[in-house]
J.: 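Quick one: this structure, given as C-alpha cells, is what I'll be asking you about.
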Amino acid sequence: MDPTSPPPSSSSTLPPKPPPNPFLLLLLLLLPFFPLPSLAAFTPADNYLFVCGAAASVASADGRIFRPDSSATLSTRRSSSLSSPSPSSPLLRSARLFPRPSAYSFPLSPSSTANGLLLRLHFLPFPHPSFNLSAALFSVFAAGSPLLSRFSAPPSPLLKEFFIKPPSSSLSLLLSFTPSFPSSFAFVNAIELFSAPNNLFSDTATPIPLSSPSPSPPLSRHALETLHRINVGGPLVTPTNDTLWRTWNPDPQFLDTPFLAKVVDFTGQINYPVGGATREVAPETVYGTAREMDKGNSSNSSLPSNSFNITWTFPVSSSIHGYLVRLHFCDIVSKALNELYFDVYINSYSACKDLDLSALAGFTLASPYYMDFVVMHSNNSGRIQVSVGPSERSLAWKSNAILNGVEILNIRGVVSFPREEKRKKYPAVVLMSVLGSLLLVCVLIVLIVVMLRCRRQKKERPELQESVTWSPLPVFRGSSYSRLTELSSASPATNLNLRLKIPFFEILLATNNFNENAQIGSGGFGKVYKGVLRDGTKVAVKRGVRGSQQGLGEFQTEIVVLSKIRHRHLVSLIGYCEEQSEMILVYEFMEKGPLREHLYGSSHPCLSWKQRLEICIGSARGLHYLHTGCAQGIIHRDVKSSNILLDENYTAKVADFGLSKLGSQLNQTHVSTGVKGSFGYLDPEYFKTQQLTDKSDVYSFGVVLLEVLCARPVIDQSLPWEQVNLAEWAMLWQKKGQIERVIDPSLKGKIDRRSLRKFGETVEKCLAQYGIDRPAMGDVLWNLEYVLQLHEKAMQREQSGDSTNSSSHVASPRVIHDPSSSMTAGRNDSMAEAS
Ligand SMILES: *[C@@H]1O[C@H](CO)[C@@H](O)[C@H](O)[C@H]1NC(C)=O
Ligand SMILES: *[C@@H]1O[C@H](CO)[C@@H](O)[C@H](O)[C@H]1NC(C)=O
Ligand SMILES: *[C@@H]1O[C@H](CO)[C@@H](O)[C@H](O)[C@H]1NC(C)=O
Ligand SMILES: *[C@@H]1O[C@H](CO)[C@@H](O)[C@H](O)[C@H]1NC(C)=O
Ligand SMILES: *[C@@H]1O[C@H](CO)[C@@H](O)[C@H](O)[C@H]1NC(C)=O
Ligand SMILES: *[C@@H]1O[C@H](CO)[C@@H](O)[C@H](O)[C@H]1NC(C)=O
C-alpha cells in the first residue's frame with residue numbers, strides 16, 4: 001500500500017482530526033506497516049458500470065449498481081435496445097445492438113491513464129424475436145487497439161476482460177463496436193470499465209525462454225486480454241470475494257497428474273509485504289490455498305519419490321504478441337524459513353531456478369509473491385504448460401514445490417499512436433541510432449529554414465490567397481484512429497482541405513459527447529455545440545443531420561469556401577470531420593453569440609448606438625470582403641442577425657456559409673438556383689426572378705440594419721398587420737422622414753439626429769426594390785462609417801463641456817467626408833483591410 005495515500009476508510013477507523021495530533025500522525029505513518037484485518041476495499045477513480053440497452057439500473061450479483069448506458073456516452077443514435085426475460089443474470093437480460101460502427105466514449109481521470117483500466121464486456125446472445133444475436137459478427141476496439149476481431153458470441157454467457165493502459169495524454173477512452181460486414185451488427189450486454197490500482201501490471205516481465213529478447217514495445221503499451229485466472233488448489237472465487245471483482249476458477253481441469261499434487265488450505269494470516277503483492281494483485285483466498293507435491297502417493301508410481309514435477313496445461317488461443325503468464329506464490333507449507341526451494345518451468349523451459357520464497361517475500365512465511373513471464377513463442381501451439389518441481393538445492397526429505405495461482409493473458413495490439421510505435425520498431429545499434437538522429441536533426445534544420453523562406457515568400461505575395469497552414473491538433477494528425485476513418489465512406493469532394501480534418505473522437509472529447517448542456521443552437525444544417533479542444537481552443541461544433549443529401553452538399557460547399565477565406569469579420573473554420581458518416585464543422589467560438597440575442601428577446605445588456613454601428617460596420621466589412629475580396633465573388637445568401645456573431649470584444653463576424661455559392665465560378669453576373677434564405681430578409685427581386693446577385697445580400701443586410709435600429713424581430717406576427725414586416729413598417733416611416741418613431745426606445749434621445757438620418761437613408765437604399773438601385777456592399781460600409789463619425793463627433797462635442805448644446809446641433813463636418821462623394825477611394829482601402 002502506498003503510505004502517502006491511505007485508502008479512504010482507513011481514516012474512518014480514526015476519530016476526526018482537525019488539530020494535528022502528533023500521536024495520530026505517528027499512527028498514520030505507521031499504519032501501512034501493520035497488517036490490519038479490515039483494510040478498505042479498492043475504490044477506482046473512474047468506475048463505469050453499464051447495463052446496455054436497459055431501461056433502469058440493476059444490481060449485479062456482487063452488489064455493484066450498473067446504470068443504463070445513457071445515449072450521452074454513445075456516438076451513435078442508430079442503435080437498438082433489446083431485452084429478454086430469460087437470462088438468469090440481470091446484467092444479461094438486455095443488450096444494445098449496433099447496426100453501424102458505433103462508439104462509447106469514457107472520460108478518464110489521470111489515475112486511469114497512469115495505472116490503466118480494467119474493461120469487461122459481457123455477452124449473451126439471448127433469443128429474440130427480431131434479431132438472431134448468435135449471428136452477430138463484429139470487432140471491438142479500445143483506444144485504437146483491436147480487442148476482439150470478427151467476434152461472434154457463443155450461446156452461453158461470456159465475459160471478456162481486458163487491461164488497457166491508454167497513452168498518458170488521453171482524456172477519454174473510445175470503445176467502438178464495428179460490424180464485420182454491412183449487413184451484420186454488433187451487440188453487448190454489459191460493460192465494466194474502471195481504473196486499475198497502481199502497478200497492477202508493469203513492464204518488467206521475464207521472457208520465456210530466458211534467452212529471448214524482452215517484449216518490444218514494452219508490455220504496458222499493449223492491451224492484455226485475460227485468458228485464464230486460476231485459484232490453484234482453492235475454490236471458485238466470485239466477484240463478490242475479489243478485490244477487483246474478478247473471477248478465479250479452480251484448477252482441477254488443468255492439472256495433468258492430479259494424484260501427484262495435493263491441496264493446501266491455510267487458515268492463518270496472509271502477510272502482504274510492503275511494496276510487494278497487494279490484495280488487489282490477488283485476494284487472501286488465492287494466496288491462502290495452493291497445491292504441493294503429494295509424495296505419499298508418488299511412491300505408488302514409477303517416479304522417484306522425492307523428485308517430480310506438478311504440471312498444469314492451459315489451452316490458449318493463438319497470439320501474435322505472445323502471452324503474459326503471472327504465477328502467484330505464497331509459502332503456506334513450510335514450518336520455518338528457508339525450507340522450500342523449487343524450480344519453475346513454462347513450456348518445459350526453465351523460468352525460475354531455486355526459487356526461495358523466504359528471501360523474495362520479505363523473510364516472512366505466508367507472504368505473497370508473484371512473478372510475470374512473457375511467453376513469446378509457444379512451441380506447443382494452443383497450450384501453455386506450467387510446472388513446478390523441487391530444486392537441487394532442497395534437502396531430499398524436505399523437497400517440495402507449490403503454486404497458488406496462475407493468470408494467463410493474451411498480449412494484444414498496441415494501445416498507442418503509430419508514430420511512436422514506429423520509432424521503437426528498429427532496435428538498431430546505439431551508435432547507428434545516434435548517427436541517424438544527428439542526421440535527422442540536420443535535415444530538419446534545413447527543412448525548417450526552407451519552410452521559413454517559403455513562408456516569407458508567400459507573405460510577400462499578398463495576391464496569393466493564403467491557405468490555412470496549421471492544424472489545431474498537430475499531434476493527432478494521422479493517428480491510430482485511422483481504423484475509424486477507414487469505415488467512413490471516401491469523401492466525394494476531392495478538394496477538401498485535409499489538414500483541417502479532426503478525428504471524430506477529438507470532437508466527442510471536445511463536446512463531452514455532444515452533451516445536451518453544450519448545445520448552443522440549431523439550424524437547418526443541424527445542432528451547434530460549444531466545445532473545447534485539447535489545446536484549450538474554444539470552438540463551436542456544428543453537427544450536420546446525418547444522411548441528408550442536401551446537407552452533404554452544403555457541408556462540402558462550406559468546407560471549400562471557408563478553408564479559402566480568412567478575414568477579421570468572418571467566422572473562421574478550424575476544422576471538420578467526416579468520419580463515421582458524420583458531417584461536422586468546427587468553427588472558432590464566438591463568446592457573445594449571435595447579434596440577434598443582443599437586440600431583443602434576451603436579458604443581455606442593451607447595446608449602445610456606437611456599439612451597434614461598430615457591429616454593423618464589422619459585418620459590412622465581412623460581407624464586402626466576400627463580395628469583392630476573393631478572386632471569386634461569394635454571395636452569402638443568408639444574411640440575418642442570427643448569422644452575425646460577436647466575439648468577447650463585440651467584434652462582429654459573419655457566419656454560416658452553408659448556403660453560399662461560388663458566384664462568378666459560372667462566369668455570370670448571377671447564379672440561378674432554387675430560392676434559399678430566411679423569411680423576412682429575402683430580396684423580393686431574387687424571390688421573383690430566382691436570380692441571385694450580391695445585391696440580394698445588400699437587401700438582407702438592410703433588413704439587419706433595421707433590426708439593429710428598431711430592436712425587434714423582422715417578422716412579428718403578434719403585431720397589427722401593418723407592423724408585422726419590419727422592413728415595410730420602418731420604410732413607411734423612413735419615407736415620411738420620421739424613422740425615429742420606430743427606433744428602439746432605449747436609443748431614443750441617444751442618437752445624433754444627423755447620424756440617424758444618414759443611417760435611415762442608407763437602409764432605404766439597401767432596401768430598394770431592384771438590385772440595380774441598391775448600393776454595393778462597399779458603399780454601405782462607407783456610409784455606415786460616416787454615420788459612426790457623425791455620431792462620435794456629436795458625442796465629443798457634448799462631452800467637451802458644452803452641455804447646453806443639444807444633440808440636434810452638429811458642427812459642420814469639415815473633417816468628415818460623406819462617402820457618397822468618395823466611394824472609389826474607400827473601396828481600395830477596404831481591400832487593404834482584407835488580408
Ligand atoms: C442464428 O444464427 C446462427 C449463426 O448464424 C445459426 O446457427 C442459428 O441457426 C440462427 N438461429 C435462428 C433461430 O435463426
Ligand atoms: C465469499 O464471501 C461470502 C460472503 O462474504 C462468504 O460467505 C464466502 O465464504 C466467501 N467465499 C470465499 C471462497 O471466500
Ligand atoms: C492418493 O491419491 C488418491 C487419488 O489418486 C487419493 O484419493 C488419496 O487420498 C491420495 N493419498 C494420499 C495419502 O494423499
Ligand atoms: C497407484 O498408481 C496407479 C497408476 O499409476 C493408480 O491407478 C492407483 O490408483 C494408485 N494407487 C494408490 C493407492 O494411490
Ligand atoms: C520437470 O520438468 C522439466 C521440464 O520439462 C524437466 O526439465 C525436469 O527434469 C523435470 N523435473 C523432474 C524432477 O522431473
Ligand atoms: C519446438 O519443439 C521441437 C521439438 O518438439 C524442437 O525441435 C524445436 O527446437 C522447438 N522450437 C522452439 C522454437 O523451441
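These numbers come from the heavy atoms of this one structure, side chains and all, not from hydrogens, waters or symmetry mates. Atoms within each ligand, like the ligands themselves, are counted from 1 in listed order. Nothing fancy with the numbering, it's 1 onward along the sequence.
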J.: Out of all atoms in ligand 5, which are within 4.0 Å of some heavy atom of Ser307? Include the element for each.
T.: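 Near Ser307, meaning under 4.0 Å from one of its heavy atoms, ligand 5 has 13 (C).
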J.: For ligand 5, is there an atom lying under 4.0 Å from some heavy atom of Gly389?
T.: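 The answer is no: ligand 5 sits nowhere under 4.0 Å from a heavy atom of Gly389.
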J.: Around atom 3 (C) of ligand 1, find the nearest protein heavy atom and jot down its residue, atom name and distance.
T.: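 For atom 3 (C) of ligand 1, the nearest protein heavy atom comes out as Asn132 ND2, 3.6 Å.
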J.: Taking the basic N atoms (NZ, or NE/NH1/NH2) and the acidic carboxylate oxygens, is any pair closer than 4.0 Å for Arg64 and Glu192?
T.: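 The answer is yes: the pair qualifies as a salt bridge.
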J.: Ring pair (Phe, Tyr, Trp, His ring centres under 6.0 Å) between Phe123 and Phe151: does it pass, once the steps are laid out?
T.: CA-CA 11 Å; Phe123 299 103; Phe151 170 79; 4.8 Å; yes
J.: Please examine the side chains of Phe181 and Phe138, heavy atoms only from C-beta on, and report whether any two atoms are closer than 4.5 Å.
T.: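 A side-chain contact under 4.5 Å is absent here.
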J.: Under the 4.0 Å line, does any protein heavy atom show up next to atom 14 (O) of ligand 1?
T.: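 It does; a protein heavy atom is within 4.0 Å.
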J.: Using every non-hydrogen atom in the two residues, find where Asp251 and Val232 come nearest and quote the distance to one decimal.
T.: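 Answer, listing the atom of Asp251 first, then Val232: OD2-CG1, 3.4 Å.
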J.: Taking the inter-plane angle between the rings of Phe314 and His228 on a 0 to 90° scale, is it parallel (under 30°), tilted (30 to 60°) or perpendicular (over 60°)?
T.: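 Judged by the thresholds at 30° and 60°, the geometry between Phe314 and His228 is tilted.
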J.: Kindly indicate whether atom 7 (O) of ligand 1 is approached by any protein heavy atom to under 4.0 angstrom.
T.: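 For atom 7 (O) of ligand 1 the answer is no, since every protein heavy atom stays at 4.0 Å or beyond.
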J.: For Ser134 and ligand 1, does the shortest N/O to N/O distance drop below 3.5 Å?
T.: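 The answer is no, given that Ser134 and ligand 1 share no N or O pair closer than 3.5 Å.
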